[in-house]
Amino acid sequence: MFTKLFTPKKINQCEIPNRLAVTAMVANYCNEDGTATDRYIAYHEAKAKGGWGLIITEDYAVSEHAMGYQFIAGLWNDDQIASHKKLTDTIHQYDSKIFAQIYHAGRQSASFVNGGVQPVAPSAIPCPWLRQLPRELTIPEIEQIVEDFGDCALRAKQAGFDGIEVHAGHGYLIAEFMSTYVNKRTDKYGGCLDNRLRFIKEIYTNIRSKVGDDFPVMIRFSADEVVQGGRDISESRVLAKLFAEWGFDALHVSSGAYGDHNKGIVSPMYVSHAWTVDFAAEIKQLVDIPVFTVNRINDPRMADGLLEMGKADFIGMGRGSLADPDLPNKAKAGDLTSIRYCIGCMQGCVGKLLVGEAITCLVNPSLGQEYQLDYSKATTPKKVLIAGVRTRWPGSGSGSGDQRPRGHAL
């Protein structure tokens, strides 16, 4: 049934057992100090049990003032390493690999989630989404953030992660430096393309100097930001070749920036499936390193077809993994009818975050409750009575006797 989906592929020296990746999604399951909770660990463990080849965690903040959400993970000090080492040790009981996505939210933050300080950006231009006026970074502050990224990457390695993903997309700080719609600087970090890329190049160089050449370092970026004055695919083709030349080990091709008029970084049900795949396909023609594609790909057969066509090397299914963490194992077994497919409703995975709460899922009531649920087979079976209310079935005649129970077992 599948030709490529369950074949292994390496990123640097790390062999990923299959081509299905859990892409980074904020869950708000961590402690406010950035340490991992049992809930956060069990949430990721469910995906490892389910057979995902690569799990990319949510944004790990590189400093206490880099956060875009209140309860996300962080590796900005050594005291945080132990709890995240518990996470990686748990995942490594299975075949899955786990990468930490690291980031700085930049102007896409607010004082009530990032340690009570004013958000920062390349230039003092408000985010259209959160609308707080950011403060323009000084050069010494930029240099410190570069160090923060390198230190965070090293702590991720010390915590047992198999690699890292640098988040340079979706309008966060690195993306802000790369794009003229936010970056209005006239110093060495603004203006021409090389100046706008100086920040990310310094970050990569700093990271690599601290983690070594054999540790996987990939980058996520938006191929088209869909913002007036922002980057489109023409400039992103140039970026992709440069990223590969510098030494990034894989490219994760996404789109958009929060607050834009894009179809959605997290696309709802009325947006076509796999609609950003051609961005990845174009970039894959330019580089010799693995390329990830993502967005509204929720069917393993669809994913395998994209791999067969050479559109990408890995398929990201973020919300697909929320809806059913066992999707890979079910697909591999040929049990496609029992997969709970993501319906793109955005009620629990996005809606909850907008009010500062932890994520849920309409088709997976167990999401976020894995740490306190036990679905193992009972040693002593019990008989259970399911009581329901009988009601007349819609459309049945008054004398048809077609009555069915309203209550039913799950």
Side-chain angles (χ1 to χ4, degrees), residues 2-5 7 9 11 16 18-25 53-54 56 101 165-172 174-175 178-179 181 193 218-245 248-321 341-342 344 346:
F2 302 106
T3 60
K4 284 198 170 184
L5 200 60
T7 59
K9 190 171 180 64
I11 299 177
I16 312 301
N18 62 56
R19 309 300 184 88
L20 287 168
V22 176
T23 51
M25 297 168 291
L54 176 62
I56 306 174
Q101 186 186 81
E165 177 178 84
V166 179
H167 199 342
H170 302 170
Y172 291 124
I174 297 174
M178 294 196 300
S179 294
Y181 80 95
L193 178 61
M218 57 184 286
I219 185 169
R220 188 176 199 184
F221 67 104
S222 298
D224 190 338
E225 293 179 309
V226 202
V227 178
Q228 187 173 3
R231 290 184 301 96
D232 60 17
I233 185 63
S234 60
E235 191 170 272
S236 292
R237 296 187 196 104
V238 178
L239 263 61
K241 293 185 71 173
L242 288 172
F243 292 156
E245 288 172 11
F248 277 106
D249 296 307
L251 306 180
H252 187 167
V253 182
S254 187
S255 69
Y258 291 110
D260 64 9
H261 296 287
N262 194 9
K263 293 179 182 178
I265 293 166
V266 184
S267 299
M269 61 179 67
Y270 56 81
V271 171
S272 302
H273 288 283
W275 67 276
T276 65
V277 163
D278 285 339
F279 291 143
E282 282 200 43
I283 284 170
K284 183 169 166 54
Q285 295 178 51
L286 300 171
V287 299
D288 294 324
I289 56 177
V291 172
F292 286 65
T293 190
V294 70
N295 216 316
R296 288 283 284 148
I297 305 169
N298 67 346
D299 189 307
R301 292 163 296 190
M302 183 189 305
D304 193 59
L306 295 171
L307 294 171
E308 274 192 293
M309 290 188 289
K311 298 280 190 179
D313 299 292
F314 288 92
I315 306 297
M317 287 191 189
R319 288 180 297 161
S321 74
Y341 292 98
C342 170
M346 300 174 64

Under-4.0 Å salt bridge between R237 and E282:
yes
Pairing of K284 and D313 as salt bridge, 4.0 angstrom limit:
yes
R220 side chain to V253 backbone, donor-acceptor under 3.5 Å
no
Quick check: does any side chain N or O of N295 sit under 3.5 Å from a backbone N or O of S254, one acting as donor and the other as acceptor?
no
So which heavy atom on [X] is nearest to which on [Y], and how close?
X: S236; Y: A223; result: OG-O, 2.7 Å
X: A250; Y: I11; result: CB-CG2, 4.1 Å
X: A175; Y: A168; result: CB-O, 3.5 Å
X: S321; Y: M25; result: OG-CE, 3.7 Å
X: G256; Y: S222; result: O-OG, 2.7 Å
X: A303; Y: L5; result: CB-CD1, 3.8 Å

Side-chain heavy atoms of [X] within contact of [Y], under 4.5 Å:
X: L251; Y: I283; answer: yes
X: S267; Y: H273; answer: no
X: I219; Y: H252; answer: no
X: T293; Y: K311; answer: no
X: P300; Y: Y341; answer: yes
X: H170; Y: Y258; answer: yes
X: L239; Y: M178; answer: yes
X: Q101; Y: V166; answer: no

Could you state the interatomic distance from [atom1] ([X]) to [atom2] ([Y]), rounded to the nearest 0.5 Å?
X: N18; Y: I315; atom1: CG; atom2: CD1; value: 11.0 Å
X: T276; Y: R296; atom1: OG1; atom2: CZ; value: 11.5 Å
X: I289; Y: E245; atom1: CD1; atom2: CD; value: 10.5 Å

Stepwise, does the side chain to side chain contact (heavy atoms under 4.5 Å, CB included) test hold for L306 with I297?
CA-CA 10 Å; L306 295 171; I297 305 169; 3.8 Å; yes
Checking side chain to side chain contact (heavy atoms under 4.5 Å, CB included) for the pair K9/I16: CA distance, chi angles, key distance, verdict?
CA-CA 5 Å; K9 190 171 180 64; I16 312 301; 5.6 Å; no
With side chain to side chain contact (heavy atoms under 4.5 Å, CB included) as the test, would you mind laying out the steps for D224 and R231 before giving the verdict?
CA-CA 6 Å; D224 190 338; R231 290 184 301 96; over 6 Å; no
Result of checking F279, F221, F248, F314 against F292 for ring pair (Phe, Tyr, Trp, His ring centres under 6.0 Å)
F314
Taking it one step at a time, do T7 and R19 satisfy side-chain hydrogen bond (donor to acceptor under 3.5 Å, both in side chains)?
CA-CA 7 Å; T7 59; R19 309 300 184 88; 3.3 Å; yes
For M346 and M269, run side chain to side chain contact (heavy atoms under 4.5 Å, CB included): C-alpha distance rounded to whole Å, both residues' side-chain angles, the deciding distance at 0.1 Å, then the answer.
CA-CA 8 Å; M346 300 174 64; M269 61 179 67; over 6 Å; no
Between S255 and E225: side-chain donor-acceptor atoms closer than 3.5 Å:
no
